[in-house]
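Remarks on the structure that follows.
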Amino acid sequence: MSTTNAESSSSTHTSFSAEDFFATQPAPPQLGEFGRKAQEFVAKHVQDGRRVVLVTSGGTTVPLEKNVVRFLDNFSAGTRGATSAEYFLAQGYAVIFMHRQHSLQPYTRHYSHTTNPFLDLLQEDPQPSSPARISVEEDQSFHLLPVLRAYHSARSKGTLLQLPFTTVTEYLFMLREMAIAMKPLGRQGMYYLAAAVSDFFIPSTRTSEHKIQSGKGSLLIEMDQVPKVLKPMVERWAPEGFVVSFKLETDEKLLIPKARQALQRYGHQCVIGNELNHRKFEVVFVERKFSKSDLAPVPNGPANDSSTDEFTEAWIRLSEEDKKMNKSRTLAGSARRPSHVFEPHGSRPWRGKFFEKEIEEDIVEQLLKRHDQWIAGGEAHKSNDR
Ligand code: PMT
């Protein structure tokens, strides 16, 4: 643990390395149980020859008290993570969905936290019967059925493991635990880090035991920096995994430089940049050139428009038509109804009429190609060693 004087203030800040953090902060009580569940899940899917992706999703809290009454939080609802998890499942992956408790979940997201309340789909059967029967409104069952089928398919195949966290400390411990559990997958494992992780926290030694009392004037909180765990993740916890991190900025000009910086610092495979207000319509893939040489360009370019010798950048953008349709559906109060759950891998006859296009569909499609190549690279490696 090192202590530095920040240039802009006279106060002292402690910066934790990942090792210090794990050695000094309390592990969540459910960690062992979650670790065992993840190991069993991974063992089953390794045996079945299925790839596994860890999707992290939602925000993290920073509690101000140990008996927590107040906490700091961020905006993330878990839409990116929950939506992407569905597309990974539709593509045959098994998914460990490590999510912020009470954030959006795969499948149920279509009817939760939305203007499309589940109870509005149901009606009591007009024919008297005992017990009374409840059915789904006819025009609604068309939309519900594909979601229900995809949900039951994931359940019956056992391809979705949902594990919740709340605080940033829980998140970091669980991330390490999941990476360790996924080691047997080697290159078949993917890490899709879409959670919005707090950059600051209050170490447990400085967190008030009880509710902070008011009446003493203003409250000053000093927070320490959360260690960046991508480095140990790439170097030690998941050296063979295909690691995708996200970069969120509110100033679009910072997206690409920050994403490149992350690739240089942590040495992983891909950063997906997104700007807060446009994140549902456009994202940029930033990668090192050598890792991407013969991949198909990302659709809806301009692809590679600001690429350099070292990095490539390629945008995914929803078409104006899809954007317009999504907006009108949102205004009409209807929930997101993706096409993939209706016609996995197949044609999409309903697109444009009933279902809106989600950008996560393209993100996942692009990542599949990259993951294929990453796995093939590993195979080539092995055969060269022989
Ligand atoms: O949930 P939604 O409302 O749909 O929003 C989705 C999203 C905007 C939150 C998502 O698309 C996104 O961008 N997530 C990452 C936000 C971000 O910029 O995180 P960051 O800069 O704090 O971290 C960058 C990467 O490092 C992330 O992949 C993060 O998971 C990882 N990280 C962060 C902090 C930390 N201590 N260790 C990490 O490994």
Side-chain angles (χ1 to χ4, degrees), residues 15-22 25 53-60 62 73-87 97-100 102-106 109 113-114 165 167-176 178-179 190-201 223-238 241-252 254-286 316 336 358-360 362-364 367:
S15 79
F16 281 80
S17 67
E19 287 74 21
D20 292 335
F21 183 92
F22 291 116
Q25 302 307 301
V53 57
L54 173 72
V55 174
T56 71
S57 183
T60 56
V62 180
D73 205 349
N74 68 47
F75 72 97
S76 169
T79 312
R80 174 83 79 223
T83 309
S84 305
E86 283 181 25
Y87 286 100
F97 186 65
M98 198 182 117
H99 62 279
R100 160 73 183 278
H102 306 310
S103 62
L104 292 174
Q105 302 290 308
R109 75 185 169 100
H113 301 50
T114 70
F165 60 82
T167 67
V168 64
T169 302
E170 288 170 1
Y171 170 88
L172 292 179
F173 271 98
M174 278 174 63
L175 183 65
R176 184 176 66 164
M178 292 305 114
M190 191 197 295
Y191 299 82
Y192 183 84
L193 307 175
V197 184
S198 172
D199 286 324
F200 303 99
F201 80 117
M223 300 173 83
D224 289 4
Q225 209 173 337
V226 170
K228 292 286 177 200
V229 292
L230 265 171
K231 202 167 177 65
M233 173 148 192
V234 172
E235 285 176 0
R236 297 200 306 276
W237 308 344
F242 186 82
V243 180
V244 182
S245 73
F246 278 79
K247 188 76 219 145
L248 174 76
E249 291 296 338
T250 53
D251 178 355
E252 192 171 305
L254 292 178
L255 273 184
I256 288 174
K258 289 282 198 148
R260 286 180 185 170
Q261 197 181 56
L263 287 177
Q264 266 164 338
R265 267 193 196 150
Y266 309 126
H268 57 305
Q269 285 76 23
C270 177
V271 177
I272 301 179
N274 48 177
E275 188 275 323
L276 183 68
N277 296 310
H278 297 112
R279 69 189 191 280
K280 296 193 172 151
F281 311 121
E282 60 179 41
V283 297
V284 59
F285 275 54
V286 183
I316 294 181
R336 302 188 145 254
E358 296 173 304
I359 197 164
E360 287 79 5
D362 287 344
I363 295 177
V364 167
L367 288 177

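Predicted model, so just to flag it, every value in this text is computed and none were measured. Just so you know, ligand 1 is whichever comes first in the structure, and atom 1 is the first atom listed for that ligand.
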Salt-bridge test for Arg109 and Glu358: reply yes if a basic N is under 4.0 Å from a carboxylate O, no otherwise. yes
Using the rule side-chain contact (heavy atoms from CB on, under 4.5 Å), only one of Val286, Leu255, Ile363 pairs with Ile272; which is it?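 Exactly one pass, corresponding to Ile363.
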Has Thr56 got any heavy atom lying under 4.0 angstrom from an atom of ligand 1? no
Contact between Tyr171 and ligand 1, counting heavy atoms under 4.0 Å?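 Within the 4.0 Å threshold, so yes.
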One residue to check: [X]. Relative to ligand 1, which of side chain, backbone, both or neither has a non-hydrogen atom less than 4.0 Å away?
{"X": "Arg279", "result": "side chain"}
{"X": "Leu175", "result": "neither"}
{"X": "Ser245", "result": "both"}
{"X": "Thr79", "result": "both"}

Angle class for the Tyr266/His268 ring planes (parallel below 30°, perpendicular above 60°, tilted otherwise)? tilted
Assign the ring pair Phe21 / Phe173 to parallel, tilted or perpendicular, where the plane angle (0 to 90°) is split at 30° and 60°. tilted
Counting distance only, does the side-chain N/O of Thr60 pair as donor-acceptor with the main-chain N or O of Ser198 below 3.5 Å? yes
Pi-cation contact, Phe22 with Arg176 (under 6.0 Å, within 45°): yes
Which protein heavy atom lies closest to [atom], and at what distance to 0.1 Å?
{"atom": "atom 36 (N) of ligand 1", "value": "Pro227 O, 2.8 Å"}
{"atom": "atom 32 (N) of ligand 1", "value": "Val197 CG2, 4.3 Å"}
{"atom": "atom 38 (C) of ligand 1", "value": "Val229 CG2, 3.8 Å"}

State, to 0.1 Å, how close Phe246 and Val271 come at their nearest heavy-atom pair, and which atoms those are.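 Scanning both residues completely, I find the closest heavy atoms to be C-CG1, 4.5 Å.
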Taking N or O atoms only and a 3.5 Å limit, does Lys228 qualify as a polar contact for ligand 1?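 Lys228 vs ligand 1: no N/O contact under 3.5 Å.
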